[in-house]
Amino acid sequence: MHSENSLAAIELSEAEKTYGVGASNVRALRGVSAVFTKGSFTTIMGPSGSGKSTFLQCAAGLERLTSGSVSIMGQEISKLSEEELTLLRRSRIGFIFQAFNLVPSLTAAQNIELILRLGGKPRSKDLIQEALDQVGLKERARHLPSQLSGGQQQRVAIARALASQPEVLFADEPTGALDSITSKEVMKLIRELVDTKKQTVVMVTHDPNVAAYADKVLLLADGTLRGILEAPSSEVIAQRMASLEA
Amino acid sequence: MLRLAFRTIRTRWRLFLGTFVALTFGIAVMASMFNTIFSVNQDRPLQGSPTRYDAAAIIVAADQTLRVEQPDSSEQAAKLAEWKRLPVDTADKIAKVPGVQKVITDRSFSATIINKQGASQPQQNQTGHSWSSAQLTPFHLMKGTAPQFDQVVITQAIAQNAHIQPRDSISIATPTGIQSFEVSGIARTAHDDHLPGEDTLFFSDAQAAMLSGQPDKADAIAIMAAPGQNISELQTQLRAALPDKSLQVKTGSDKGGNVAADIYDKSVASVVELVGFNIGLAGFVCVFVVAGTSAFAISQRRQEMALLRLIGATPEQVRRMIVGETAFVASAAIVAGSLFGALFSSALATLLKNYGVAPPEFTSGWTWFGTFLACGIGVVVAFTGVFFASRRAGKVRAAEAMRDAVAEQHVMTRGRWIMGMLFLVISLGLVVLMLLLGGAIAMALAVLITEMLAVALALLMPVFVKPLVSFISTPLVRKTDIEGMLAQANLRNAVRQTTSTAAPILIAVSITISIVGVNATVASSDRRNLEKRTLASYVMSGKVPLKTVEEIRQIPGVASAIAAPASVLYSAGDVSSTPIDYGALDPDALSGNFKVGVQAGSLENLDKNDAVVTILESQDIAWKVGHTMPIYLADGTKTSVRVAAIINTPTALPEVLLSPKLTMDHIRSPMAENVFIRVSDTAGSDTGKVLGALAGKAGANLQSRQMWLSEKAKDSDREGTLAMVIMLGLALAYLSIAIANTLLMAVSSRTKDITLLQQLGVSKRQIVTMIAWETIIVTAIGTLLGILTASLTIIGVWGAISKVIPGTPIPFVRPAYFAAIVGSLLVALLASVLPVKSWLRKGTGLRVE
C-alpha cells in the first residue's frame with residue numbers, strides 16, 4: 001500500500017521565507033505547500049519577484065526556511081546542521097545552474113569524477129565516459145570549462161547528473177543563457193533523464209517553451225501558489241503567465 | 001580619472017592594501033638604513049665630553065692626515081690610522097716664544113694592569129701618560145703623592161674597580177715589557193673619577209719616556225699661556241716659530257684629546273660599512289616585492305578594466321587611472337614609511353648596539369636626507385612597477401567584460417621572456433666568471449648571483465610550473481580524497497597566481513641558503529686551512545710585549561715562538577681607500593710554526609724591503625710577485641716594498657708580512673696579539689707549566705692547539721651572525737608581506753569557486769584542506785627552486801675557494817635553511833587558511849546568484 005507521501009521525493013509544508021528585518025523586510029514565500037513525487041518533472045514558473053528562485057533554494061536546502069518544513073525522501077531537512085546538509089548535497093541532491101556549473105580548473109571528466117568521489121559512489125572511467133557520450137561530448141572529456149561553449153557546459157552538468165543519479169535534480173534556469181536551438185538540445189537531454197532513468201527533476205524557468213517539457217507546472221506569484229497545470233502546452237503556460245502578470 | 005582613482009581606493013581599499021603595505025615597509029626599511037648611515041655623520045654624541053686637554057691653551061701635534069700627490073696632480077688624503085708622534089725637541093723651540101708660560105710634553109702608550117689572578121682586567125682602553133700631563137685635563141691627586149721612578153698614579157675609577165690601594169704593588173704591561181710598580185697615589189678629574197673613554201695611569205716623566213718605546217718622540221706638546229695672553233695671537237706666533245710647517249697648532253675643540261669621541265668615531269665606522277652593504281639587498285627586495293604586488297593586483301582587475309573600456313574609456317584613460325591610484329597609494333606610503341622609518345631606525349640602532357657593532361652612545365633617528373632618499377627610491381620603484389602593468393591594463397579589450405569566465409591571459413609575454421632569459425644568461429655568466437677569477441671576488445658576487453638567478457627563475461616560472469605542480473602533487477592526489485585533485489587542478493589552472501605566490505618563497509629560501517651557505521663555506525674552509533697549517537702546540541693571546549716573546553724563546557723545550565705585531569699601511573696609489581693590515585714578521589720564521597705553501601716567488605734570501613702576501617689578499621689588493629709597491633706606513637713614512645712571495649697561510653696571521661727591520665720603528669705599540677709557540681718533541685710537561693706561568697705574569701691567555709682551534713671556530717661562527725641576522729630578517733619579513741598579500745587577494749577572488757564547491761557538496765573542512773594543500777604545494781615549488789638557485793651559487797663559491805684552499809667541505813645542512821623554509825610555509829598557510837576559514841564561517845549563504 002503506497003500513500004502519496006511515500007512516493008514524495010520532496011515535500012514542502014507551509015514554507016515561509018522572509019529576508020531582512022523590520023519595515024524593509026521581504027516575504028519571498030508566504031506559506032507555500034507542495035509535493036513532488038518520485039520520477040516527476042516539475043517546473044516552477046512565475047513573473048520576476050514571484051519567489052520561484054527562493055522556492056528552489058529552500059527546497060534544495062541551500063536556504064533555510066523562516067518557518068514551515070521541507071522533507072526530502074521523507075527526511076525533514078529544516079533541522080539539519082550545515083554539515084549534514086553538505087552530506088545531503090553530495091549524494092542525494094544534484095544541481096544545474098544557469099551558469100557557472102562546473103569547477104573551472106577541472107576538465108569535463110574531472111568535474112564528473114568530483115561528484116562521484118564526493119558522493120562515495122563508484123567512479124569508473126567507463127561510467128564517466130558513458131555519461132559524456134550520452135550527452136554527445138565524449139571527445140571533450142579533457143577540456144576545461146573555458147574551452148567549452150555555454151551549451152556544452154550545461155550538457156556536462158547533465159552528464160554529471162547522469163553519472164551520479166541523485167535522488168532529486170534541481171535546475172535553476174538551465175537554458176537561461178542559451179540560444180533556442182541549444183536550449184532544445186539541453187531540455188531533450190533532461191527529459192530523457194526523467195524518462196529513462198526515472199530522475200526526479202524540479203526546474204525553475206521563465207520560458208514557457210522550456211516549461212512545457214515538464215509533467216507539471218506550478219505557478220507562483222508574490223510568494224504564493226497560484227495554480228497547478230498538468231502537462232500543459234507552452235501556449236497554455238504563456239496564457240496563464242500573462243494573467244499572473246496582469 | 002583621478003576622482004575615479006580616489007573612489008576606487010576608498011571603496012575597494014583591500015585591493016591596494018598589499019601594495020601600500022609593501023611600499024610602506026620598503027620605504028621604512030630603506031629610511032632606517034639611510035638614517036643610520038647619515039646619523040653617523042650628523043650626531044656626534046660625545047663631542048661635549050671632557051677632553052684630556054681642557055686646561056691647555058694650545059696643543060701642538062703632528063699632522064694626522066696623510067697627503068699624497070698623485071701622478072695626475074690630484075691630491076689624495078687619508079686620516080692616519082695610528083697616531084703620529086712629533087719630535088720631542090720641538091718643545092725647546094716653543095718654550096722660547098713669548099707668551100708661553102709652560103710647555104708640557106704629553107706621552108701616551110698602552111699600559112695594561114695585570115691583576116693577581118694573571119689575566120688582565122677587562123677595562124676600557126688602559127693608557128699610560130707622563131705625570132706632567134695630568135695638569136692638562138686637569139687631574140688632581142686625591143690621595144698619596146706624585147709618581148717617582150717605578151711608581152704609578154691611577155684614577156679613582158681603576159682603584160675602585162680593581163680594589164687597588166695606595167702602596168699596593170701592581171704589574172703593568174707596556175710595549176717595552178712587564179714591570180712591577182708601586183701605586184703612589186690616586187687621582188680624579190674635577191667632575192668625575194675617570195676621564196670618559198680611558199682608564200688613565202700616570203708615570204714619572206722620565207719613565208713615561210722610556211715606557212712609550214720612543215723617548216725621542218712625543219704624542220703632543222701642550223702649552224699653558226701666560227695670564228692675559230691672547231690665544232690666537234700666540235697661535236700665530238707659534239706657527240711662525242716652528243720650522244716644520246706641517247705641524248698643527250690647535251686651540252679650542254680642535255685640540256683633540258677627546259678620547260671617548262675618538263673611540264666612538266672608530267667603532268661607528270663599522271656601522272656604516274655593515275648597513276651600507278645591506279642597503280643593496282633592501283633595495284632589491286623592495287623592487288621585487290612592490291613590482292610583483294602591484295602587477296598582480298592589476299591582473300586581478302582585468303574585468304574591471306574591460307568594463308571601463310566598455311563604457312568608453314580609452315586605454316590612455318585606463319592607464320591614467322591606474323597611475324592616479326598609484327600616486328595616492330605612494331603618497332600614503334611615503335607618510336607612513338617615513339614615520340615607521342624613524343621607528344625602525346631606533347630599532348636598528350638597538351640591534352647594532354646589542355651585537356657590539358655600534359658603540360653604546362650610538363643613536364639613530366630621523367634625518368631629512370635619509371628619509372627623502374628612501375621615499376624617492378620608493379616612489380620610483382612604485383611607478384616603475386606600475387608602468388609595465390598599466391600598459392597591459394590599457395590593452396584589455398572591452399569585449400572581455402561580456403565574458404563570464406575570466407580565461408587566463410598569456411602569462412608569458414614577450415617582455416617577460418626577454419627579461420627572464422637576460423637574467424638567466426647574466427647570472428650563469430657570473431657563475432662562470434666567479435669560477436675563473438676565484439677568491440675574494442667570489443664572495444662578493446655570490447649574493448648578487450643568487451638574486452639574479454632567483455629573478456630569472458621567477459620570471460620564467462610560468463613556462464614550467466604546470467609540469468612541476470603535477471610532479472610534486474601526484475602522490476598527494478593519490479593519497480587524499482578530492483582535496484588533492486582540486487588543489488592540483490587549481491594550481492595548474494591559475495598559473496599567474498601560483499607563480500606570484502611561489503616567487504617570493506623562492507627568493508626567501510634562495511637568499512637565506514645562499515647567504516648562510518656562502519658564509520659557512522668560507523668559515524669552514526678557513527677552519528680547515530687553519531687546522532692543516534697551524535703547527536703550533538700552544539697559542540698565547542692577549543697584549544704580549546715583545547720582551548716576553550723573547551723570554552718564551554729562552555724556555556727549555558720551546559722550539560720556536562713567533563709573533564707578528566700588527567699595524568696598517570697605505571698603498572701609495574690609492575691612499576684614500578681602506579688601509580691594509582700587515583704584521584711585522586720575518587717570513588723565514590714562519591716555517592717553525594706553520595705549514596707554509598709558496599704559490600709564487602720564494603722565501604729565500606729575503607731582505608728588509610721584501611714583503612710576503614697570502615693568495616686571497618694578493619688578489620684583493622693586486623700585489624703581484626716581483627712588483628715593487630710604493631707604500632706609506634702607519635705614521636706616514638714613505639717607503640716601498642718588493643713582493644717577494646705569495647703564500648698560503650691560515651688567517652690567524654696578518655695577510656701581509658713585512659720585515660720588522662723596516663717597520664718596527666714605525667709601529668706605535670708593538671705588542672703581539674697572538675704568540676704561536678712550537679714545543680720540541682723532547683720537551684717534558686714542565687715546558688707547558690713554565691709557559692703557563694709566563695702567561696700569567698704577562699696577563700695573557702695560554703691555550704693548547706686544540707683549545708685555540710675550537711675557540712677560533714666558535715668566533716668565526718659568531719662573527720657572521722649579525723650580518724646574516726640583519727640581511728635575512730629583513731628579506732624574510734618583507735617577503736612574508738608578498739606571500740601574504742598574494743594569498744589574501746587570491747582568496748577574495750575565489751569566492752565564486754568556493755561557493756560552487758559548497759553547492760556541490762564539498763564540506764568546509766574539505767575546502768580548507770584543499771587550500772592548505774595548495775599552499776603546501778606552492779611552498780614546495782618555491783623551496784625546491786630556491787634550493788636549486790642557492791646550490792648553484794654555493795657550488796660556484798666552493799669551486800672558487802677550492803682552487804685556493806683545496807679540500808673545503810660543502811655545508812649541506814644548516815638550521816637557518818629550515819628556518820626560512822618553515823617560516824615561509826607558516827606564513828603562507830596562515831595567510832591562505834585564515835581568510836578562507838573566516839569567510840566560510842561568515843557564511844554568505846549558498847544562494848544561487
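In the text below, chain A, chain B and the rest are named by the order of the sequence lines, each starting its count at 1.
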For B/Leu491, which atoms come within 4.5 Å of any heavy atom of chain A: side chain, backbone, both, or neither? neither
How many angstroms lie between atom CE of B/Met485 and atom CD of A/Gln110, to the nearest 0.5 angstrom? 5.5 Å
A/Leu144 versus chain B, heavy atoms under 4.5 Å apart: side chain, backbone, both or neither? side chain
Inter-residue atom distance A/Leu106.CG - B/Leu486.CG, 0.5 Å rounding: 5.5 Å
Check each atom of A/Ile115 against the heavy atoms of chain B and say whether the ones under 4.5 Å are side chain, backbone, both or neither. side chain
Do B/Leu457 and B/Phe464 have side-chain heavy atoms sitting under 4.5 Å apart? yes
With a 4.5 angstrom heavy-atom cut-off, is it the side chain or the backbone of B/Gln488 that approaches chain A, or both, or neither? neither
What part of A/Arg64 lies closer than 4.5 angstrom to a heavy atom of chain B: side chain, backbone, both or neither? neither
Checking the side chain of A/Arg30 only, and the main-chain atoms of A/Thr224 only, is there a donor and an acceptor separated by less than 3.5 Å? no
Of the options A/Asn111, A/Val103, A/Asn101, which is the one that meets A/Pro145 in a side chain to side chain contact (heavy atoms under 4.5 Å, CB included)? A/Asn111
Which atoms of B/Leu756 come close to chain A, meaning under 4.5 Å heavy atom to heavy atom: side chain ones, backbone ones, both, or neither? side chain
Among B/Val778, B/Thr775, B/Val827, the one residue meeting side chain to side chain contact (heavy atoms under 4.5 Å, CB included) with B/Ser832: B/Thr775
Counting only non-hydrogen atoms closer than 4.5 Å, does A/Gln147 touch chain B with its backbone (N, CA, C, O), its side chain (CB onward), both, or neither? neither
Which one of B/Val762, B/Leu760, B/Ile482, B/Leu757 has the most heavy-atom pairs closer than 4.5 Å to chain A? B/Leu760
